[in-house]
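For reference, the structure is listed below as structure tokens.
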Amino acid sequence: MKILKNLLLNSSYRLLLVIIPLITTPYISRVLGVHRVGLNTLTVTIVQYFTIIAVLGTSIYGAREIAYHQNQKRERSNAFWGITFISFIMTSFSIICFLVFILCYKKYELIFLWQGIAVLSVFLIFLGILEELKILK
């Protein structure tokens with residue numbers, strides 16, 4: 001029964017991922033107009049580059065290292081803090097580069113700042129993944 005419930009919830013989630021953009025995209029395009037949709041796409045794309053720099057594969061590497069040291073508490077803790085430190089350094093570097101980019105490209109400064117929340121969320125998501133793996137407890 002638990003597997004069936006999980007299958008139904010996962011299937012409905014995947015279906016919503018396909019259906020919701022089909023419903024919202026025409027409405028958003030009509031309300032915002034071509035220029036604003038293009039501006040949003042431009043800023044999101046540029047911010048995603050900084051997000052990719054911030055992530056730098058640490059979540060995959062972290063899961064692998066934690067799984068490798070799952071029975072050794074001290075080594076697992078050392079791996080966790082090392083990965084967290086790398087993630088913090090790369091996120092800080094990415095945020096600094098992003099702020100320099102905003103200073104150089106002032107045309108859409110406010111929009112980039114709002115979109116920049118995504119870069120900050122990378123570190124919080126990474127800690128959430130590790131919390132889910134029961135590493136912080």
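Nothing here was measured: the structure is a model prediction, and the numbers come from that model.
- Placement of Val119 and Leu42 within a single hydrophobic cluster is found when ILVMFWY residues are connected by side-chain heavy-atom separations under 4.5 Å, directly or transitively.
- When every heavy atom of Leu16 is checked against every heavy atom of Pro21, the shortest pair comes out as O-CD, 4.1 Å.
- Taken from CD in Gln48 to OG1 in Thr51, the straight-line distance is 4.5 Å, to the nearest 0.5 Å.
- In terms of heavy-atom proximity, Ile66 sits nearest to Ala79 at CD1-CB, 4.4 Å.
- Under a 3.5 Å cut-off, the side chain of Ser121 and the backbone N or O of Ala118 do form a donor-acceptor pair.
- Surrounding CZ of Phe88 are at most 12 heavy atoms belonging to other residues, nucleotides or ligands under 6.0 Å away.
- Both Ile102 and Leu120 are part of a single hydrophobic cluster, where members link through side-chain heavy atoms under 4.5 Å apart.
- Taken to the nearest 0.5 Å, the CG atom of Asn78 stands 10.5 Å off from the CD1 atom of Ile83.
- Applying side chain to side chain contact (heavy atoms under 4.5 Å, CB included) to Thr41 and the options Val44, Thr45, Thr43 leaves one that passes, Thr45.
- In terms of heavy-atom proximity, Gln115 sits nearest to Val47 at O-CG1, 3.4 Å.
- Nearest heavy-atom pair, Gln72 versus Tyr68, reported as atom, atom and distance to 0.1 Å: OE1-O, 4.5 Å.
- A distance of 15.0 Å separates CG of Leu113 from OH of Tyr108, quoted to the nearest 0.5 Å.
- Atom CD1 of Ile96 sits about 11.0 Å away from atom OG1 of Thr91, to the nearest 0.5 Å.
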Exercise. Using the side chain to side chain contact (heavy atoms under 4.5 Å, CB included) rule, take Tyr105 and Ile46 through it: C-alpha gap first, then chi angles, then the decisive distance, then the call.
Key: CA-CA 11 Å; Tyr105 194 80; Ile46 292 172; 5.6 Å; no
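- Nearest approach of Ala54 to Met90, heavy atoms of both residues: O-CB, 3.8 Å.
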Identify each donor-acceptor pair in which a side-chain atom of residues 3-10 lies under 3.5 Å from a protein atom, sequence neighbours left out, and give them as a table.
none

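- Under the 4.5 Å side-chain contact rule for hydrophobic residues, Ile23 and Leu15 share a cluster.
- Taken together through direct or relayed side-chain contacts under 4.5 Å among Ile, Leu, Val, Met, Phe, Trp and Tyr, Ile86 and Phe80 form parts of separate hydrophobic clusters.
- Among residues two or more places apart in sequence or in another chain, the ring pair (Phe, Tyr, Trp, His ring centres under 6.0 Å) test is passed with Phe98 by Phe50.
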Quiz item: Are Leu39 and Ile111 close enough, and set up right, to give a side chain to side chain contact (heavy atoms under 4.5 Å, CB included), and what steps lead you there?
Solution: CA-CA 9 Å; Leu39 180 61; Ile111 297 171; 3.3 Å; yes
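- Transitive grouping of hydrophobic side chains (ILVMFWY, heavy atoms separated by less than 4.5 Å) brings Leu99 and Phe112 into a common cluster.
- Separating the CG atom in Leu103 from the CZ atom in Phe101 is a distance of 11.0 Å, to the nearest 0.5 Å.
- What you find for His69 and Arg76 is that their closest heavy atoms are O-CB, 3.3 Å.
- Dense packing is recorded around CG of Leu22, with more than 12 heavy atoms of other residues, nucleotides or ligands lying under 6.0 Å away.
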